[in-house]
Asker: 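Please find one structure pasted underneath; my questions will follow.
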Amino acid sequence: LMDADFKRVSWIINLVGTFLLIGHYVTIYLVVIPSTVGTHGSFGVPEFGAILFFLGLFILVVGTALGKVPLEVKGNPYLKESENYQY
């Protein structure tokens, strides 16, 4: 639920997306860890390693898939109109 003006600024979208992903991971971590390890749970190297592993895997899969297909549709009669669209 963001204003349309803020959605046009890419660094705001990146910042909000980063905060949402971090908040989601911390929420899941706080729900799962107390029931599995009790009071001996900590946030350390394995947790950061898991985050970096899945981030790298995501970048690899998405980058490979996007590298195989053209990102702009050829022959679309409404392409120029959609590029100039303002809301």
Side-chain angles (χ1 to χ4, degrees):
L1 298 175
M2 291 177 61
D3 189 44
D5 294 333
F6 290 124
K7 291 179 186 176
R8 291 187 184 116
V9 182
S10 63
W11 69 269
I12 292 177
I13 297 295
N14 290 334
L15 183 68
V16 170
T18 303
F19 279 135
L20 286 174
L21 285 175
I22 290 171
H24 183 66
Y25 185 81
V26 169
T27 302
I28 297 299
Y29 183 82
L30 291 175
V31 167
V32 172
I33 289 299
S35 64
T36 57
V37 295
T39 60
H40 302 294
S42 65
F43 196 82
V45 175
E47 287 77 23
F48 285 118
I51 291 171
L52 292 176
F53 172 74
F54 285 110
L55 179 66
L57 185 65
F58 176 78
I59 290 172
L60 176 71
V61 169
V62 171
T64 303
L66 289 178
K68 293 179 181 178
V69 295
L71 297 179
E72 188 173 295
V73 179
K74 304 279 187 210
N76 186 352
Y78 301 111
L79 183 62
K80 190 66 175 170
E81 181 180 317
S82 66
E83 288 173 350
N84 296 327
Y85 179 71
Q86 295 289 325
Y87 59 92

Asker: Considering non-hydrogen atoms only, spot the tightest contact between Val73 and Leu79 and give its length.
Answerer: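 Taking every non-hydrogen atom into account, O-CD2, 4.0 Å.
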
Asker: Do Val61 and Val69 land in one hydrophobic cluster if side-chain heavy atoms of ILVMFWY residues count as linked below 4.5 Å?
Answerer: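 In one cluster: no.
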
Asker: Using a side-chain heavy atom cutoff under 4.5 Å and only I, L, V, M, F, W and Y, what cluster partners does Ile28 have?
Answerer: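 Joined to Ile28, directly or through intermediates: Val32.
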
Asker: Would you list the atom pairs, donor with acceptor, under 3.5 Å between side chains in residues 10-23 and any protein atom, with sequence neighbours excluded?
Answerer:
| unit_1 | atom_1 | unit_2 | atom_2 | d |
| --- | --- | --- | --- | --- |
| Asn14 | ND2 | Ser10 | O | 3.3 |
| Thr18 | OG1 | Asn14 | O | 2.7 |

Asker: Once ring-ring contact (aromatic ring centres under 6.0 Å, His included) is applied, what residue pairs with a partner in residues 49-78 remain, sequence neighbours excluded?
Answerer: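 For residues 49-78: none.
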
Asker: Please list, chain by chain and in numerical order, all residues satisfying side chain to side chain contact (heavy atoms under 4.5 Å, CB included) with Ile59, sequence neighbours excluded.
Answerer: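 Leu55.
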
Asker: With sequence neighbours excluded, tell me which residues meet ring pair (Phe, Tyr, Trp, His ring centres under 6.0 Å) with Tyr29.
Answerer: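 Here the qualifying residues are Phe43.
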
Asker: With rounding to the nearest 0.5 angstrom, report the CD to CD1 distance, Glu47 to Ile33.
Answerer: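 Separation between the atoms: 6.0 Å.
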
Asker: For Val45, check side chain to side chain contact (heavy atoms under 4.5 Å, CB included) against everything at least two apart and list the hits.
Answerer: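 Testing Val45 for side chain to side chain contact (heavy atoms under 4.5 Å, CB included), a comparison that skips the adjacent residues, returns none.
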
